[in-house]
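So that the names make sense, note that chain A is the first sequence line, chain B the second, and so on, each numbered from 1. Treat the numbers as computed from the prediction; the structure is a model and nothing was measured. Only heavy atoms go into these numbers, but all of them, side chains included; no hydrogens, no water, no symmetry mates.
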Amino acid sequence: MIRLFNWLRRGSLERGLDRELQYHFDRRVADLAAAGISEPEARRRVAVELGIAHVHEEVRDVWLTRWLRDFLYDLRFSVRSFLRSPSFTAITLLSLALGIGATTAIYSLVDQVILHALPVREPERLVLVDWNGDDLITYATGSLNLMPYPICRALQQQTRFLDGVLCRAEIEVNLTAGGDPRPVAAEIVNGSYFPVLGVGPALGRVIEPEDDTAPGAGPVVVLSYDFWQAQFGGAADIVGRKVLIGSHPMTVVGVAAAGFRGVDVGAVPAFWIPTSMYADANFDTGDEDLLNGHTRWLQIFARLRSDVTLTQARTGLQPWFKAWLQDSALRPAFPRISADHRREYLATTLELTSAPQGHSPLRHSLSQPLWLLFAATGVLLSLACLNVAGLFLARGSARGREIGTRLALGASRGRIGRQLLADSLLLAVTGGVLGAAAAPMAIRWLIAFLPHELAANAVRDTLSLRLLTFAFIASLAAGIFSGLAPALRAGGDGLVSSLRERGGTGFGGVRLRKAIVTLQVAFSLILLIGAALFLRTLTSLLAKGPGFDTSGILSFTIAPTQNGYSDADASRLVRRLDERVRALPAARSSAAARFAFLNGGAWSNEVTMQTDRRAVTDGIINFNAVSPGFFSTLGVRLLAGRDFDKSDALPVGEIGPRCAIVNEAFVKRYLAGRDPLGVLIARGGGSDVKPNSRIVGVVADMSYRGVRDHSEQVFFPLFEHDDTGATFYIKVRGAPEQAIPSIRRLVRQHDPRLPILWFRTLDDQVNRSLTTERLLAALSGSFGALALLLSLIGLYGVMSFVVTRRSREIGIRLALGATGASAIRLVLRDAVAMIAAGMAIALPCVAALGKLIQSQLFGVTATDPATVAAAALVLAVGALAAAFIPAWRASNVSPMDALRLE
Amino acid sequence: MPSPRFPIPQGTLDMLILQILSLEPAHGYGIAQRLEQISRSVVQVNQGSLYPALHRLHQRGWLRAGWKQSETGREAKFYSLTAAGRRQLAAEKDSWARLSGAVNLVFEEGSR
C-alpha cells in the first residue's frame, strides 16, 4: 500500500533525493578541496565514488519493488499505446463493458433474489421447521410450510438444540393512518421474532414477548424503516401514534432497524403486529383460539445452537416430536382415521431445512430462470473476451516488429508477455468500470420484467460493495482470459523471422485465431438456440392464451373482511355488488368469482366422486366458485348441461345441497366414457367425505393459476354459503378505461372506505402472468443477438487477416489463370470449416443443456429440430455473409499488385 | 590497485547505520564520515550504497527523517532512530554477538 502511495508522490521523493545527494556531493567536494585536491579533480572523484545515477536507481527500487515499478511503467506504456489507436480501444472497451455490465446486472438480481442472506444476526444458523403430517389427515396440500402456533411454543423449550424459535405469517390488512384505508402487506409475528433474528429498533421498541401472551394482548404496531420513511416522512414523533388496522385501533410503538425487510424477499411487510392480534389480521377462525388450537397458519423458523449441526438437531428433536404427535392424536377434535392411517401419521417427522435467506416461494420460482440468465451472461462475457483476444492477436501481428525489436534489444519474453497482459488487464478493468457504471441502468431495465411484488420492494438498482467486488473479479478474469493467449504467444515466432518480415504481416497466430472463432461460433449458437426456444415458448403461450376472451374485460377485487366486515355482511355486499355491476350501462355482462384467475394461486384439493362406485382423484383438482353468467362473460364454451342460475344460490350463511360444473379436462381424466351430468362429487378425499354436489354442466378448459396451467377444474356456485370477498369480471361496452370511473363510483356508493384491489384489464393480467417468460425471451433474445454480432465480428476479422496474408498466393493463382470464383471458394472453405466445427461443438452441448431448461419451456422441446435448425441457419447465413466480404476482396486481388508487394 | 580494505559484509551496513544513529541524529554525509572514522578505514563502505540503505531503513519504520540546518548552515536531511529502530538495533547486536561468539569458539577449537 505504502508503495502505491510512493508511486503517487514519486515526484517529490525524487526531488528530495536529489537535494540529499547534492548535499553529500558538495560537502565531499569541499572536504577534498580542503585537503588540497583541485576542484575539478575533486568533482570527478566524488562523481565516481558516489555513482549518482546508480544510487537513484537503487533508491527507486526501495520505494517501489521492482516488479511493481515495472508493472506501473507497463500500465503507463499501455495507456499511451491505447490512446494512439482509439478505434481498437473503443471496440475492445465496448465489448468488454457490454459483457461485464450484463453479467453484473444479472448477478445483482441473482444476489438480491437468490443468494442474499437476511440482514440478521448469524443468518446461516436459521432453519425452517416444517412438518407434513397434517396433510395426511386433512388432505390439504400446498401448505406453504404452515404450522400450528402451539408447536412453536413447544419448540422453544428445546434449548438443547435450538437457540430460539420464532413464527410468522404474511398478511394483508387495510391500514388507516390519517387518510383513506388502503391494503398493505404486513407480517404477523410472535414475541420472539425480533429477539431471535437479532433485529433491534431504529426508534421506540420492537415487538416483545409480553405483546404476545394472550389473544388481544398486544395492540401494537412496529413499522418497517422504509414504510416509516415513505408514508410518514420519517416523522420523529411516530411512536405513540394511533392507526387503524382494519377497524381496530392500534398503537405504533417503534420502527424496526433500517435494511430489515422481513424474512420473505417476495413479500416485504410494511409493518409487524404480534400474533396475539390474529383476529384483527382477518384470520378466519370461527371460535378457535389460534394461539392454542391446531390450525396451521404460521411458518416457524428456529436458530440452531452454535454447537449443534442441522442433522444433530433434526435427529435430536424427533423423540420429543414423537411424543407431541401422540398427544395430538389423542385430542378430542382429532379426525377419525383408520389404524393404518394413524400409524402413518405417527411416523411423520419434523423437517428442518437451512434457511439463511428466509422463506420465499417467489425466490424458488425465479431462481432457475435467473441462474439460466446468469449462465447466459457468462457465455456472453466469454464471447466478448474471445473477441478481445482475437483483436489482441491481430494487434500483436501489427506490433510484431516493435516486439521483435524489443526482444533483440534484450527484453525477456516474460517481460514482453507481462506487457501484453498489462494491456489486457488495463482494458478489462476500464471496461469493468464502464460496465459497472452502466449496470444500474441495466438493472432498472431488468426490474421491469420482474414480478410486481419483487420489483416494488425487494430489488434495488444500486451498486453494493458485493456487486462491485463481483464486477472487479469478473473484469480481472476477463482481462487474464483475453490477454493470456496473446501474452503466451509473444515472441513465439523466431526473432530473426519477425524482424525479417515486412510491415503489415508478421506473426499472427492464425491457427489460434481460428480456434477462437470456432469457439465463438459454438457459444453463439448455444445462445441463439436458447433465445429461439424461449421466444417460441412466449409466442406459443401468447397464442394459446388463457382459454377465454380477454379483450374488453375488466376485473377488480374486493376484500371486505379486511375492512372489518363480518362474514355475513361481506357476503351480502358481494351479492349486492354483483347485481348492481350487472345493471351498469357500461357493462355488457358481468360475473364474480371467489378467487381471482391468473394470479398464481388456486383453491385446490382432491375430489371424491360417486358413480357406480366411490373413487378419489389421484391428483389435486383446482376449484373456484362463480356466479351465474361467468362462463358466457369470459366466452368459455358450455359443452354440456347448463350454467349456474339464480336458483343455485342460497341465502347468506346457509349451506345446503350443491351443484357443480366441471371442465373438459376433468371429464377426460376421471369420467371418460360415461355421462358426467348427474355424477355426485365433493371436495376432499377423506373417508368421511360425502359426495353431495351434482354435476350439472361441462365447460371448455381455461387457465387458472397462469397461462401455462392446464388443469382439471371444478366450479361451484358462488353464494352457496358465506362468500367474504370476490373478484368481479366485467365485459364492457367500448374501451375498458372508460368504464372504470362508473365502477369506482358504484363501489364507493356502497362503502366509501372499501379499497378496490387490482383494478385492471384481463389483457394486462395475462401479460403480468407471463413475466418470467417475457424476461427469459427478451433477455435471451438480446444475448443471442449480441453473441451473434460478436462472433460475426470475430469471423470477419480473422478472415480479413487470412486474405491479407494470402493475397500474394492468391495473386499468383489468379495470374496463373485461376478464376475469381475459385479464389472466393478458397477463402470460404476456411470459413465453412470454422462454422461447421463450431456447430459440431455446440450441438452436443445443447442436447446436454436441454434437460436444464425443459421445465421453463412450453409447446417446444429443448432439442426441437426445427428450432435448432432455424438458429443454425441464421448463424450460418450471417457467418457466411461475414466471411464473404473478405473473400470477395480476395477475388479482386490484382495479380500485379500482389506480386509487386514482394 | 588492490584495496587493502574489506568490502563491507552483506547486511552489516544496516546494523552499523543504526548503531551510528543511536548515538545522535546525523545526515547522510555525516554517517559516511563516521563510518570511515569508526571502522578505522578497515572496512570499505561504498558511498553509493549508503543511500539505498537509509531509504530502506526509513521505509521499514526504523528511522525517521527530516530537513534541518546542518553545521555548515545549509539544510540537510537528518536521520534519527525510532523506537522500532532501537529495538531492531538491540536484536541485531544480540544476534551478531551470538554469531561472532560461535565463530570464535569454532576458531579456538581449531587452533587448540
Side-chain angles (χ1 to χ4, degrees), chain A residues 1-37 39 41-72, chain B residues 1 3 5 7-8 10-11 13-14 17-18 20-21 25-37 39 41 43-80 82 84-85 88:
Chain A
M1 214 54 231
I2 184 161
R3 302 212 151 113
L4 275 180
F5 182 61
N6 281 344
W7 167 260
L8 294 177
R9 54 176 189 141
R10 63 189 186 282
S12 82
L13 282 175
E14 291 276 352
R15 275 194 302 281
L17 183 62
D18 275 343
R19 265 177 85 193
E20 193 177 8
L21 291 177
Q22 190 63 47
Y23 178 82
H24 183 113
F25 187 87
D26 292 348
R27 284 289 302 270
R28 182 79 176 141
V29 170
D31 281 1
L32 286 178
I37 297 169
E39 197 178 311
E41 171 61 13
R43 283 183 172 279
R44 197 196 59 80
R45 221 193 271 178
V46 177
V48 170
E49 192 178 80
L50 201 53
I52 290 192
H54 192 69
V55 171
H56 261 282
E57 267 307 298
E58 279 197 42
V59 174
R60 279 187 207 123
D61 276 350
V62 173
W63 291 338
L64 300 161
T65 45
R66 175 168 288 268
W67 66 265
L68 185 63
R69 239 172 90 206
D70 285 351
F71 182 70
L72 291 169
Chain B
M1 181 182 74
S3 167
R5 302 192 293 183
I8 192 160
Q10 192 81 38
L13 180 60
D14 288 6
I17 293 174
L18 290 177
I20 288 167
L21 289 175
H27 48 70
Y29 186 64
I31 297 170
Q33 281 185 316
R34 204 71 51 81
L35 272 172
E36 288 271 346
Q37 291 163 6
S39 59
S41 303
V43 180
Q44 180 195 14
V45 179
N46 179 1
Q47 309 247 336
S49 61
L50 182 61
Y51 288 92
L54 279 172
H55 280 262
R56 188 166 52 244
L57 294 174
H58 181 229
Q59 185 140 308
R60 290 199 185 148
W62 294 338
L63 302 183
R64 77 176 70 81
W67 292 87
K68 262 189 286 188
Q69 209 155 58
S70 72
E71 57 281 10
T72 61
R74 239 175 94 180
E75 286 237 305
K77 195 172 181 186
F78 275 80
Y79 293 90
S80 59
T82 62
Q88 177 66 18

Could you give all pairs that pass the salt bridge (Lys or Arg N to Asp or Glu O under 4.0 Å) test and reach residues 46-72 of chain B, with sequence neighbours left out? A/Arg27-B/Glu71, B/Asp14-B/Arg56

Out of curiosity, A/Leu13 CG to B/His55 NE2, how far, rounded to the nearest 0.5 Å? 8.0 Å

Taking every heavy-atom pair that is under 4.5 Å apart, which of B/Ala53, B/Ser70, B/Gly28 has the most such pairs with chain A? B/Ser70

Contacting moiety of A/Arg60, where chain B heavy atoms sit under 4.5 Å: neither

Side chain, backbone, both or neither: which part of B/His58 has a non-hydrogen atom closer than 4.5 Å to chain A? neither

Heavy-atom pair with the smallest gap, counting every atom of A/Gly16 and B/Trp67: O-CZ2, 3.7 Å

By salt bridge (charged side-chain N to carboxylate O under 4.0 Å, His left out), A/Asp26 pairs with (sequence neighbours left out) B/Arg74

Residues A/Val55 and B/Pro52: closest non-hydrogen pair is CG1-CD, 4.2 Å

For A/Glu39, does the CD atom sit with more than 12 other heavy atoms under 6.0 Å from it, leaving out its own atoms? no

Just one of A/His24, A/Glu58, A/Glu20 clears the side chain to side chain donor-acceptor pair (under 3.5 Å) bar with B/Tyr51, so which one? A/His24

Go through the atoms of B/Ala32 and report whether side chain, backbone, both or neither lie under 4.5 Å from a heavy atom of chain A. side chain

Side chain, backbone, both or neither: which part of B/Glu75 has an atom under 4.5 Å from a heavy atom of chain A? both

